[in-house]
Amino acid sequence: MNASVSNDTDYQRRREFAGLFEEAPTFMALLHGPLHEFEFINPGYQRLIGQRDVIGRHMADVLEDVAAQGYVAMLDEVYRTGIPITAASAKYLMQVVPDGPVLERYIDFVLQPVRDALGAIDGIFILGTDVTDRVLIEIRRDALIRVTDLVRDTLDAGAIMTGACRILGETLGASRVGFAVTDGLGDAVHISGNWQVPGAALLPDTIDLRAFGDYIDDLKAGLAVAIGDVLTDPRTAHTAQALIDYDAAAFVDLPVLEDGRLVAFAYVNSAAARAWPQGDIDLIREVAERIRTASERLHGQSALAASEAKFRTI
């Protein structure tokens, strides 16, 4: 059989097979050759990688973020050995634009070698499902269980605050988590119960929040603040470098108001720009509320015990 005719036939056969998945809810890609040239992708795969033009190009050249995470090396292994690779809930960090927000995805997938008419491997078929929503629900649920256990088993309010902030920070991949208390007068806030990753810039005990942007006005109005990139958000663009210097290229602040006045807020900082899906904000709010409830309960118990001790003394 003429090699050119054979290759044309193989290509047409793969294209027809790939076309079956054009509208499938899964993601799919068909790669050709040892350098993994894209022959076809379906809309699901396009959503996974963002609006990047990949057809006719090698994966390592056009999807540098994929290559950096070891996925091209996995393709090399499948192409070399002919043994398929499967994975469940594999993490994929997508950064479509250099220095842009990093989107965390979780995927189930199989890398299946494709053979030509003579039985030689000449490509790889990728088939998978984006299971991010399911995995994140499980991760957030586990974090809440850990915080609940901490609150139940700990009798020290400070230990609860620090431990819960650590759980929240590790779950979200944050650089810093804590609470800030206002002075009740101007824009100064006092840091309380702060947890941060090793190497993160240390916050001063007192901060003039106005020096970091105009978002304090939203907090005073009782609005949650979720900024994915301080360089582009109009509330922080003019003070972005000050925030970046404190490893807060993105952050969430959730206000606490009493009698219509801002008295405190919970904060979560990220050293890199990132998106804040609603599920993350809901988790932050839930953990902050549990910390606050536990602290008020323990302080009340402490005050009651002190009052009883004083009564006995009298």
Side-chain angles (χ1 to χ4, degrees), residues 47-52 60 62-72 89-107 130 132-133 135-137 139-140 142-143 164-180 191 194-204 207 209 211-216 218-219 224-254 265-285 287-288:
R47 288 191 296 271
L48 185 69
I49 63 172
Q51 296 304 313
R52 289 184 275 189
V62 68
L63 300 181
E64 295 181 359
D65 52 343
V66 174
Q69 294 170 70
Y71 289 112
V72 172
S89 302
K91 182 183 290 188
Y92 166 44
L93 302 177
M94 182 176 74
Q95 189 176 31
V96 178
V97 180
D99 299 323
V102 176
L103 304 178
E104 184 174 278
R105 313 302 297 172
Y106 291 88
I107 53 178
D130 188 331
T132 301
D133 291 343
V135 172
L136 290 181
I137 288 173
I139 290 174
R140 292 164 184 153
D142 179 67
C165 287
R166 176 183 58 80
I167 292 171
L168 181 58
E170 291 175 348
T171 299
L172 296 179
S175 59
R176 181 184 300 105
V177 179
F179 286 82
I191 303 303
N194 180 63
W195 169 90
Q196 61 186 43
V197 295
L202 295 175
L203 292 177
I207 292 176
L209 210 59
F212 295 93
D214 301 328
Y215 59 92
I216 186 174
D218 290 337
L219 294 176
V225 175
I227 294 180
D229 188 344
V230 297
L231 289 169
T232 60
D233 193 286
R235 293 167 293 183
T236 56
H238 59 295
T239 56
Q241 192 55 53
L243 287 159
I244 292 172
D245 289 344
Y246 278 115
D247 297 299
F251 63 89
V252 173
D253 289 349
L254 298 182
F265 61 88
Y267 61 83
V268 175
N269 298 164
S270 170
R274 57 168 288 174
W276 297 105
Q278 188 60 46
D280 286 354
I281 297 174
D282 292 341
L283 176 63
I284 296 168
R285 180 176 286 108
V287 171

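Sequence positions, counted from 1, serve as the residue numbers for this chain. Since we're looking at a predicted model, the values are computed, not measured.
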Is the shortest heavy-atom distance from the side chain of Val225 to the side chain of Arg235 under 4.5 Å?
yes
Test side-chain contact (heavy atoms from CB on, under 4.5 Å) applied to Ile49 and Leu63, step by step
CA-CA 8 Å; Ile49 63 172; Leu63 300 181; 4.0 Å; yes
Gap between atom CG of Asp229 and atom CZ of Phe251 - 0.5 Å precision
11.0 Å
Tell me, do Leu48 and Tyr92 make a side-chain contact under 4.5 Å, heavy atoms counted?
yes
If you take all heavy atoms of Asp130 and Ile107, which pair is closest and at what distance?
CA-CG2, 4.1 Å
Whether the Gln69 and Asp65 side chains hold a donor-acceptor pair (N or O, under 3.5 Å, no angle test) is what I'd like checked.
no
For Ala250 and Trp276, the nearest pair of non-hydrogen atoms, with its separation, is CB-NE1, 3.7 Å
Any heavy-atom pair between the side chains of Tyr267 and Cys165 that's under 4.5 Å?
no
Between Ile284 and Leu172, is the side-chain contact (heavy atoms from CB on, under 4.5 Å) condition met? List the steps.
CA-CA 9 Å; Ile284 296 168; Leu172 296 179; 3.7 Å; yes
Working to the nearest 0.5 angstrom, can you tell me the gap between Leu243 CG and Thr236 OG1?
6.0 Å
Any side-chain heavy-atom pair from Thr171 and Leu283 closer than 4.5 angstrom?
yes
What pair of heavy atoms forms the shortest contact from Tyr215 to Phe212, and how long is it?
CE2-O, 3.2 Å
Kindly indicate whether the side chain of Val135, heavy atoms from C-beta on, has any atom under 4.5 Å from the side chain of Lys91.
no
When you measure from the side chain of Ser175 to the backbone N and O of Asn269, does any donor-acceptor pair fall under 3.5 Å?
yes
Under the 3.5 angstrom rule, does the side chain of Arg176 hit a backbone N or O of Leu203 as a donor-acceptor pair?
no
Asp280 CG to Arg285 CZ distance, which is reported to the nearest 0.5 Å
12.0 Å
Could you pull out the closest heavy-atom pair between Ala211 and Thr239, with the gap in Å?
O-CG2, 3.5 Å
Minimum heavy-atom distance between Phe179 and Ala266, given as atom pair plus value:
CE2-CB, 3.7 Å
Side-chain heavy-atom pair Val287, Ile167 within 4.5 angstrom cut-off:
no
Could I get the full list of side chain to side chain donor-acceptor pair (under 3.5 Å) partners for Asp253, not counting sequence neighbours?
none
Heavy-atom pair of closest approach, residues Leu103 and Ala275
CD2-CB, 3.8 Å
Should Leu219 and Leu209 be marked as a side-chain contact (heavy atoms from CB on, under 4.5 Å) after you check the CA-CA gap, both sets of side-chain angles, and the distance that decides it?
CA-CA 11 Å; Leu219 294 176; Leu209 210 59; 4.0 Å; yes
Check whether any side-chain heavy atom of Glu104 sits under 4.5 Å from a side-chain heavy atom of Thr132, and report yes or no.
no
As an exercise, state the distance from CZ of Arg105 to CZ of Arg47, rounded to the nearest 0.5 Å.
10.5 Å
Do Asn194 and Leu202 come within less than 4.5 Å of each other through their side chains, counting heavy atoms only?
no
CD/Glu170: more than 12 non-hydrogen atoms of other groups inside 6.0 Å:
yes
